[in-house]
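The structure under discussion appears below in the form of structure tokens.
Note that ligands are numbered from 1 as they come in the structure, with each ligand's atoms numbered from 1 the same way. Bear in mind that the values here come from a model prediction, so they are computed numbers and not experimental data.
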Amino acid sequence: MSNIALNSIPEDFIKLLQNQIGLESDNLLKALQSNSYTSIRVNNSKKIENFIDRENISWCEEGFYLKTRPNFTIDPLFHAGCYYVQESSSMFLAHIIKEIGMNLKKINVLDLCAAPGGKSTLLLDNITNDSLLVCNEVIKSRAQILRQNIIKWGKSNVLITNNDPVDFQKLSNFFDLIVVDAPCSGEGMFRKDKNARNEWSLENVNLCASRQKRIVHDVFQTLKLGGFFIYSTCTFNESENMENVRCFLKELPISLVKININESWGIKQLENGCFQFYPHLTKGEGFFCAVFQKNEVEISNVYAKKVKPKYDFVSKSNVDILKKWVNTENLDFLHINQGIHAIPVLNIPDISLIMSKLFVKFSICSNVVRRIV
Ligand code: SAM
């Protein structure tokens with residue numbers, strides 16, 4: 001629980017906010033001095049947690065506010081990936097996925113800025129089991145944390161990559177959904193995180209805004225025609241949010257997508273498909289997201305290019321050994337980068353393509369298997 005003094009909030013931030021939302025900024029600043037909420041999201045394939053005193057989060061079926069903040073680090077269920085401690089506003093992604101129907105069919109999804117894994121674990125619970133999620137994190141040390149969280153979550157239809165966004169240009173026209181939860185100035189975290197306040201500056205806001213534009217432009221080519229793109233930040237300022245949205249609309253072949261929300265949730269709709277969470281209006285921290293669909297592009301069929309696989313299948317006799325230890329149903333075992341990886345059979349063609357183009361750090365079962373065979 002945090003309770004911050006107004007004088008620890010940067011003055012330039014207050015001025016920007018007043019310019020942006022006028023008198024409403026007083027209410028927001030007041031909310032930043034109140035306590036933040038504690039919330040968790042339950043793993044829908046484990047469905048175990050021990051919190052009795054909990055309240056539903058309206059926009060995410062698996063999300064709950066807790067009345068008090070327990071010591072999560074001493075809870076075995078936390079370490080077993082039975083739930084993820086996540087800020088409630090971020091869970092709005094679950095509502096968007098359902099609104100755009102991405103929970104209903106087999107798709108390829110890219111979570112481009114994925115560490116520590118909050119949105120990735122949410123995506124895994126909201127896409128079909130035959131879909132493939134690629135979680136990417138550019139910073140190596142953070143990719144390790146992402147890996148731990150994904151392993152704990154326990155799904156197999158996921159790859160973790162450690163690439164720069166620009167590397168995804170090699171995979172043109174491949175993903176049905178891309179989530180860019182962009183590195184940002186973090187104003188929405190001021191209430192919870194003292195560092196976010198200390199690190200804030202106007203220079204950093206400008207730097208973040210231009211980096212966000214670059215990231216989105218770099219990765220855009222990998223989105224399929226008709227595919228969806230979700231852009232999010234945990235900040236309030238216009239330059240990283242609506243100004244970037246305007247820039248994307250001008251420079252990329254995309255349109256905003258209408259998303260229905262319930263007025264009682266208190267989420268501010270800035271334009272069709274663009275949402276701002278303000279802590280004085282919603283039960284959560286500051287968050288921004290915009291939902292787009294790609295509407296025109298040259299179609300280059302990636303599958304038309306011959307893909308040279310980088311792996312061999314594990315021999316039947318070794319798979320028989322694995323069967324004693326691992327549930328091998330619907331999985332194939334492949335030798336990749338001196339390890340053995342378990343891959344869902346249905347995802348083999350897509351994974352083969354990704355292997356040939358990107359640096360794949362881990363697939364979910366690789367370590368378990370390496371120790372056995
Ligand atoms: N989506 C994550 C979650 O829900 O747990 C949080 C992502 S955090 C807001 C932004 C991530 O972007 C960080 O992990 C950071 O390392 C990464 N990042 C930083 N610079 C980047 C860049 N130039 N390109 C891509 N990602 C970057």
Of the listed options Arg211, Glu137, Met189, closest to atom 16 (O) of ligand 1 (non-hydrogen atoms):
Glu137

Pair Asn129, Ser131: side-chain N/O donor-acceptor within cut-off below 3.5 Å:
no

Checking side-chain contact (heavy atoms from CB on, under 4.5 Å) against Val291, which of Leu93, Ile96, Asn272 comes through?
Ile96

Students should be able to answer this: which protein heavy-atom is nearest to atom 11 (C) of ligand 1, and at what distance?
Cys113 CB, 3.7 Å

Going by atom types only, do Tyr83 and Asp75 share a side-chain donor-acceptor pair under 3.5 Å?
yes

Student check: side-chain heavy atoms of Leu29 and Phe13 closer than 4.5 Å:
yes

Is the closest side-chain donor-acceptor distance between Asp125 and Trp153 under 3.5 Å?
yes

Which is it for Asp181 and ligand 1 at heavy atoms under 4.0 Å: side chain, backbone, both or neither?
both

Contact check: Ala115 vs ligand 1, nitrogen or oxygen atoms, below 3.5 angstrom
yes

Fit a plane to each ring of Phe78 and Phe72, take the angle between them on a 0 to 90° scale, and name the class: parallel (under 30°), tilted (30 to 60°) or perpendicular (over 60°).
tilted

Which protein heavy atom lies closest to atom 18 (N) of ligand 1, and at what distance to 0.1 Å?
Pro183 CG, 3.7 Å

Checking contacts here: is it the side chain or the backbone of Lys119 that comes within 4.0 Å of ligand 1, counting heavy atoms only? Could be both or neither.
both

Which residue and heavy atom of the protein sit nearest atom 25 (C) of ligand 1, plus the separation
Pro165 CG, 3.6 Å

Where on Cys184 is there a heavy atom closer than 4.0 Å to ligand 1, on the side chain, on the backbone, on both, or on neither?
neither

Glu187-Asn237 side chain donor-acceptor pair, cut-off 3.5 Å:
yes

For Ile139, counting its heavy atoms only, list the atoms of ligand 1 lying under 4.0 Å from any of them.
16 (O)

Ligand-side contact atoms (ligand 1) for residue partner Gly117, heavy atom cut-off under 4.0 Å:
5 (O)

Using a 4.0 Å cut-off to any heavy atom of Ala114, which atoms of ligand 1 qualify?
1 (N), 2 (C), 3 (C), 5 (O)

Is Gly118 in polar range of ligand 1, meaning some N or O pair under 3.5 Å apart?
yes

Please indicate whether any nitrogen or oxygen in Asp111 is less than 3.5 Å from any nitrogen or oxygen in ligand 1.
no

If you measure only the distance, is there a donor-acceptor pair under 3.5 Å linking the side chains of Arg191 and Ser34?
yes

Relative to ligand 1, is Ser120 under 4.0 angstrom through side chain, backbone, both or neither, heavy atoms considered?
neither

Checking the N or O distance criterion of under 3.5 Å, is ligand 1 in contact with Ile215?
no

Donor-acceptor pair, distance only, cut-off 3.5 Å: does the side chain of Asp164 make one with the backbone of Asp167?
no

So, Asn204 and Ser185: side-chain donor and acceptor under 3.5 Å apart, yes or no?
no

Taking the non-hydrogen atoms of Ser90, is any one of them nearer than 4.0 angstrom to ligand 1?
no

For the residue pair Glu285 / Tyr37, report whether a side-chain donor-acceptor contact shorter than 3.5 Å exists.
no

Consider every N or O of Val138 and every N or O of ligand 1, then say whether any pair is closer than 3.5 Å.
no

For Ala182, take its heavy atoms, then give the atoms of ligand 1 lying under 4.0 Å from any of them.
9 (C)

